[in-house]
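Note sheet for the following structure.
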Amino acid sequence: MRIGELARRTGISERALRYYEEQGLLRPARRPSGYRDYDEGAVDTVRDIRTLLAAGLPTALIAELLPCMVNGTAGLAPGCPELVPYLEKERDRISAAIDDLARTRSLLNAIIAATPPENPNPPVCDREPAVELATR
DNA sequence: ATTCTTACA
DNA sequence: TGTAAGGA
């Protein structure tokens, strides 16, 4: 099938599918026309790629692990025990990131909590804002 | 009509 | 990642 059909059947944009190929996650054949030609298995492969990306794995690692993954009753799983350490390493990296953000949040909370009580008479900011505050 | 590559108000 | 441009 061509990229359009795969995009439809997976719900993934053609842009993303081409990106996955660029990252070595998909290797579709090419037609004489230059059009990419995906086999049926590509549908499942894309699903697995989405799963792994959602799990926070970097594309470089996904490219290496993907061919070794299998589908057990519990879903996508490592094909052999040797892969587990790689997954655990990523999990630890994510845990560390969560901890970092938690610390950042605490700091921000402290700043917010330090807000002065309601002022009887209006504003005290005499300076003009250095930049426009984005309205998002 | 589809897809391809390249590039970025 | 979206999207526009310019070709096949």
Side-chain angles (χ1 to χ4, degrees):
Chain A
M1 74 186 91
R2 293 175 308 189
I3 196 170
E5 186 183 335
L6 182 61
R8 251 189 324 90
R9 296 181 23 177
T10 59
I12 302 303
S13 70
E14 298 182 8
R15 176 73 160 85
L17 293 176
R18 295 193 183 97
Y19 176 70
Y20 294 162
E21 176 180 0
E22 188 177 277
Q23 297 302 299
L25 277 36
L26 289 174
R27 351 204 39 113
R30 290 284 182 151
R31 295 183 177 181
S33 59
Y35 288 9
R36 272 164 269 249
D37 199 359
Y38 301 89
D39 53 62
E40 285 304 310
V43 177
D44 288 322
T45 301
V46 171
R47 175 178 46 62
D48 292 343
I49 290 173
R50 295 301 293 192
T51 297
L52 264 14
L53 285 175
L57 303 192
T59 60
L61 182 60
I62 295 178
E64 296 181 39
L65 265 37
L66 202 51
C68 307
M69 299 298 278
V70 299
N71 280 294
T73 53
L76 189 58
C80 62
E82 292 72 63
L83 305 182
V84 177
Y86 291 98
L87 299 173
E88 293 178 325
K89 182 179 178 184
E90 291 307 314
R91 181 195 54 190
D92 294 344
R93 175 179 60 70
I94 293 170
S95 293
I98 289 175
D99 292 345
D100 277 9
L101 281 173
R103 273 187 278 278
T104 298
R105 179 176 57 187
S106 292
L107 256 13
L108 184 53
N109 273 332
I111 292 174
I112 293 173
T115 303
E118 196 52 80
N119 196 315
N121 38 338
V124 285
C125 289
D126 52 333
R127 284 167 303 172
E128 287 298 310
V131 298
E132 288 304 320
L133 275 48
T135 40
R136 181 175 46 171

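By convention in this document, chain letters (A, B, ...) are assigned in the order of the sequence lines, proteins followed by strands, and residues within each chain are numbered from 1.
- Of all nucleotides present, only C/dA8 satisfies the Watson-Crick or G-U wobble test against B/dT2, with each distance under 3.5 Å.
- Residue A/Arg30 is in sugar-phosphate contact alone, with no base atom involved, counting any heavy-atom pair closer than 4.0 Å across all strands shown.
- Separating the CZ atom of A/Arg18 from the P atom of B/dT6 is a distance of 12 Å, rounded to the nearest angstrom.
- Of the candidate nucleotides B/dC4, C/dT1, B/dT3, C/dT1 has the atom lying nearest to any side-chain atom of A/Ala16.
- Within the 4.0 Å cut-off from OP1 or OP2 of B/dT3, not a single side-chain nitrogen or oxygen of A/Arg36 is found.
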Open item on the list: Test side-chain contact (heavy atoms from CB on, under 4.5 Å) on A/Leu26 and A/Tyr38; report intermediate values, then the result.
Closed with: CA-CA 9 Å; A/Leu26 289 174; A/Tyr38 301 89; 4.2 Å; yes

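- Salt bridge status for A/Glu14 with A/Arg36: absent, with no side-chain N to carboxylate O gap under 4.0 Å.
- We find that CD of A/Glu21 is positioned 7 Å from P of B/dT5, with the value rounded to whole Å.
- At a threshold of 4.0 Å, the pair A/Asp92-A/Lys89 does not count as salt-bridged, since none of the basic side-chain nitrogens sits closer than that to a carboxylate oxygen.
- In this model, the phosphate group of B/dC4 is not approached by any side-chain N or O of A/Arg15 to a distance below 4.0 Å at OP1 or OP2.
- Using P as the reference atom, C/dG6 and B/dT2 are 22 Å apart when rounded to the nearest Å.
- The pair A/Arg18-A/Glu21 fails the salt-bridge criterion, with no side-chain N (NZ, NE, NH1 or NH2) lying under 4.0 Å from an Asp/Glu carboxylate O.
- For A/Ser13, taking side-chain heavy atoms from C-beta onward, the closest of the listed nucleotides C/dG2, C/dT1, B/dC4 is C/dG2.
- The distance from atom CD of A/Glu14 to atom C1' of B/dC4 is 10 Å, rounded to the nearest whole Å.
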